[in-house]
Asks: 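One structure is given below, represented as structure tokens, and several questions about it will come after.
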Protein chains: 2
Amino acid sequence: MGKDTKKRIEEAIISLEYQPNAVARGLKQKKTTTIGIIVANILHRFSTQVSRGIEDICHQYEYHTIICNADDDPEKEKKYVDMLKAKQVDGFIIIPTGLNEGLYKDLVKERYPLIFLDRKVETLSVPTVTLRNVKAGYEATLHLLDQNHENIAFISSPLTVSTRKERYQGYVKALEDKGAGIKENYVFGGDMNHLKDKFSAMLEAKDPPTAVICGNDRVLKSVLPVLKQQNISMPDELALITFDEVEFSEFFTPAITTVEQPAYEMGEKAADLLLQRINGKAEQAVGETQEFEPKLKIRESSLYKR
Amino acid sequence: MGKDTKKRIEEAIISLEYQPNAVARGLKQKKTTTIGIIVANILHRFSTQVSRGIEDICHQYEYHTIICNADDDPEKEKKYVDMLKAKQVDGFIIIPTGLNEGLYKDLVKERYPLIFLDRKVETLSVPTVTLRNVKAGYEATLHLLDQNHENIAFISSPLTVSTRKERYQGYVKALEDKGAGIKENYVFGGDMNHLKDKFSAMLEAKDPPTAVICGNDRVLKSVLPVLKQQNISMPDELALITFDEVEFSEFFTPAITTVEQPAYEMGEKAADLLLQRINGKAEQAVGETQEFEPKLKIRESSLYKR
DNA sequence: TCGTTTTTGTAAATCGTTTTACTAACCAAT
DNA sequence: ATTGGTTAGTAAAACGATTTACAAAAACGA
């Protein structure tokens with residue numbers, strides 16, 4: 001277009017105070033440059049870090065994000081999917097509750113660009129960004145075994161999603177590799193509401209564990225008060241290691257050993273994959289799984305010192 | 001409408017797999033049941049807590065939220081406002097960077113429902129949800145004075161926004177009320193990038209402060225490493241108190257004394273006010289400021305023990 | 001200057017709803 | 001059977017952009 005008409009148009013834009021209407025635009029173009037993000041539970045630090053990674057990439061490409069918190073509730077998850085569909089989002093990034101297979105399947109059938117994050121849904125071939133969780137569980141356990149712990153507890157929220165199942169598998173595998181049997185009563189994988197009681201009882205039983213692995217940051221948040229209450233000192237009386245990043249973990253006494261995930265990068269990756277799919281550059285990527293490496297950060301809480 | 005036609009319609013909805021299109025609906029109705037949230041910097045814990053409060057209320061009323069992170073950058077803030085306008089949001093909740101008066105003014109002029117959060121913009125009469133920050137600063141300082149501290153440092157990010165200015169005012173007022181003079185060299189309110197160096201120098205100077213107040217959680221995050229590095233122990237060598245909630249603060253050694261804001265509730269309140277304005281029930285509320293009370297949670301880091 | 005290409009102006013259809021209007025059909029009660 | 005009132009059905013305009021089409025005008029090279 002000619003450059004003086006261009007100028008004329010720009011003048012008109014300011015003189016008429018024209019403001020584009022993305023809703024009308026979206027209606028006609030069938031494209032909203034908006035993606036929907038549904039996280040299983042925003043209370044996990046992982047979720048917020050991942051969201052930032054997603055947002056930063058989207059911001060680069062002038063896409064926008066609507067973040068929804070399913071609150072571990074499949075009903076809510078479904079409601080949000082419907083809402084986001086109604087809003088004509090161009091694609092989804094979902095940390096699935098795992099309890100909505102039909103829903104996910106429909107999304108695939110309707111050819112919505114979709115990326116799973118954190119958790120795999122085995123029955124579907126959807127590109128997924130996840131951690132090598134078996135390895136994460138294995139390394140955490142191995143580290144404790146190396147400190148001569150034999151009675152290692154594994155405390156987790158319900159072992160319903162791949163993430164937790166795999167971490168547990170890693171735990172089991174490490175114990176087996178070292179010839180240590182797994183003891184049922186050192187394992188808890190259940191409702192967060194009972195976690196404190198069960199863990200408390202575990203510590204008060206005879207022959208209590210000398211080390212504990214927390215399945216994620218929310219578990220840690222329940223476990224620490226129990227230790228304080230029972231006046232158990234780390235790491236001498238109980239060694240501790242937790243999955244997920246803990247803010248200020250180096251300022252705890254003792255500093256907390258963690259197995260961290262590159263959450264931010266995982267978010268970036270997921271956004272990348274999704275935008276590629278949306279823009280048709282990556283049909284072939286469907287079904288691919290991107291695995292990230294866990295990072296064991298050894299601090300004081302897991303170091304044997306007797 | 002007759003109940004058999006209603007049934008007929010419902011059947012058609014499923015047989016045709018009808019899915020409503022909120023974009024078309026929004027276009028016609030000039031209403032998207034979506035609000036825009038712009039936070040000055042999502043890295044503050046306050047911002048994420050506040051967002052949750054907002055979201056929960058919005059979810060109740062079937063409104064949706066788009067959260068944007070201005071990253072302390074007025075340019076970005078403006079860009080996001082334009083984007084959200086284009087998306088035809090029904091209203092805004094903004095934690096203002098404070099450096100965009102014209103932008104805010106336009107929003108008011110264009111009669112957008114708007115609520116400010118956390119920070120006041122003095123020159124505009126916009127309903128604002130905020131903390132009694134002067135009181136917060138006063139109480140924090142008074143508490144340290146009560147522990148017989150006289151050399152109290154005040155470390156903050158730039159004193160450009162009302163929140164920080166007021167906390168500082170409270171600090172000054174408490175010192176004055178107790179007849180203690182304020183010493184310029186105990187005060188830092190500047191760029192986060194220089195914070196560590198400046199604070200480090202402050203501690204190494206002769207006659208260093210015996211207590212420090214951190215202006216917010218991000219400041220704390222810079223201050224703690226300095227203490228660790230200089231091997232300064234709390235609270236004997238330096239008492240510490242920080243604004244904002246710190247996760248796990250009771251598990252620090254020493255447990256960190258905090259001045260907390262009811263962030264979640266403040267978010268709820270802001271959302272409430274905004275939805276009332278959107279639905280025309282509260283024209284009169286314009287200009288009102290809702291102030292919340294700070295909560296001083298005394299823990300070990302501020303308790304004198306020599 | 002002619003013919004060709006590019007730029008400009010104008011108009012109409014479309015996206016999927018809501019809104020308004022109007023007519024037709026139905027039901028109950030007088 | 002007539003009246004009034006409700007419910008059904010149909011149609012068309014509107015929301016604010018994009019898209020397509022076509023005609024008119026301008027710019028260009030030979």
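Because only heavy atoms are used, hydrogens play no part in the values below, and waters and symmetry mates are left out as well, while side chains stay in. Just so it is clear: chains get the letters A, B, ... in the order the sequence lines come, proteins before strands, and each one is counted from 1.
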Asks: With sequence neighbours excluded, tell me which residues meet ring pair (Phe, Tyr, Trp, His ring centres under 6.0 Å) with B/F243.
Replies: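 If we apply the ring pair (Phe, Tyr, Trp, His ring centres under 6.0 Å) test to B/F243, skipping adjacent residues, there are no hits.
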Asks: Could you check whether A/K78 pairs with A/D82 (Lys NZ or Arg NE/NH1/NH2 to Asp/Glu carboxylate O, under 4.0 Å)?
Replies: yes
Asks: Which atom pairs, one a donor and one an acceptor, fall under 3.5 Å between side chains of residues 46-62 of chain A and the rest of the protein, sequence neighbours left out?
Replies:
residue	atom	partner	partner atom	Å
A/S47	OG	A/N41	O	2.9
A/T48	OG1	A/R45	O	3.0
A/Q49	NE2	A/E245	OE1	3.4
A/S51	OG	A/S47	O	2.5
A/D56	OD2	A/Y264	OH	2.3
A/H59	NE2	B/K79	NZ	3.3
A/H59	NE2	B/Y80	OH	3.4

Asks: Rounded to the nearest Å, what distance is computed from the CG atom of residue B/N21 to the C1' atom of nucleotide D/dC15?
Replies: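 Between C1' of D/dC15 and CG of B/N21: 13 Å.
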Asks: How long is the line joining NZ of B/K31 and P of C/dT19, in whole Å?
Replies: 12 Å
Asks: Check every atom of D/dA17, C/dC15, C/dT8 against the side chain of A/K30 and return the nucleotide holding the closest atom.
Replies: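 Closest of the options to the side chain of A/K30: C/dC15.
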Asks: Mind listing the N/O atom pairs, protein and nucleotides 18-24 of chain D, below 3.5 Å?
Replies:
residue	atom	partner	partner atom	Å
D/dT18	OP1	A/R25	NE	2.9

Asks: Can you tell me how far C1' of D/dC15 sits from CG of A/L27, to the nearest Å?
Replies: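 From A/L27 CG to D/dC15 C1': 9 Å.
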Asks: Taking CG from B/D4 and C1' from C/dC26, how many angstroms apart are they, rounded to a whole number?
Replies: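 It works out to 11 Å between those atoms.
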Asks: By nearest atom, which of the nucleotides D/dA8, C/dT8, D/dG16 is closest to the A/R8 side chain?
Replies: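 The answer is C/dT8, which lies nearest to the side chain.
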Asks: My understanding is that a pair needs two contacts under 3.5 Å, Watson-Crick or G-U wobble. By that rule, which nucleotide pairs with D/dA30?
Replies: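 Pair assignment: D/dA30 / C/dT1.
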Asks: Going by the rule side-chain hydrogen bond (donor to acceptor under 3.5 Å, both in side chains), which residues pair with B/Q19 if we only count those two or more places apart in sequence or in a different chain?
Replies: none
Asks: Rounded to whole angstroms, how far apart are NZ on A/K3 and P on C/dT8?
Replies: 12 Å
Asks: What residues, two or more places apart in sequence or in another chain, satisfy side-chain hydrogen bond (donor to acceptor under 3.5 Å, both in side chains) together with B/D272?
Replies: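 So B/D272 forms no side-chain hydrogen bond (donor to acceptor under 3.5 Å, both in side chains) with any residue.
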Asks: With a 6.0 Å cut-off (strictly less than), is the heavy-atom count around CD of A/E10, excluding the residue itself, greater than 12?
Replies: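 Enclosed: over 12 neighbouring heavy atoms sit under 6.0 Å from CD of A/E10.
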Asks: With a 4.0 Å cut-off on heavy atoms, is B/Q19 in touch with a base, just the backbone sugar-phosphate, or nothing at all?
Replies: sugar-phosphate
Asks: Both B/K6 and A/V23 contact DNA chain D. Which one's nearest nucleotide lies toward the 5' end?
Replies: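 With B/K6 and A/V23 compared, the 5'-side residue is B/K6.
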Asks: Salt bridge (Lys or Arg N to Asp or Glu O under 4.0 Å) with A/R218: which residues, sequence neighbours excluded?
Replies: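 In terms of salt bridge (Lys or Arg N to Asp or Glu O under 4.0 Å), with neighbours along the sequence ignored, A/R218 is linked to A/D72.
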Asks: Rounded to the nearest Å, what distance is computed from the CD1 atom of residue B/I9 to the C1' atom of nucleotide C/dT17?
Replies: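 Distance check: B/I9 CD1 to C/dT17 C1' gives 15 Å.
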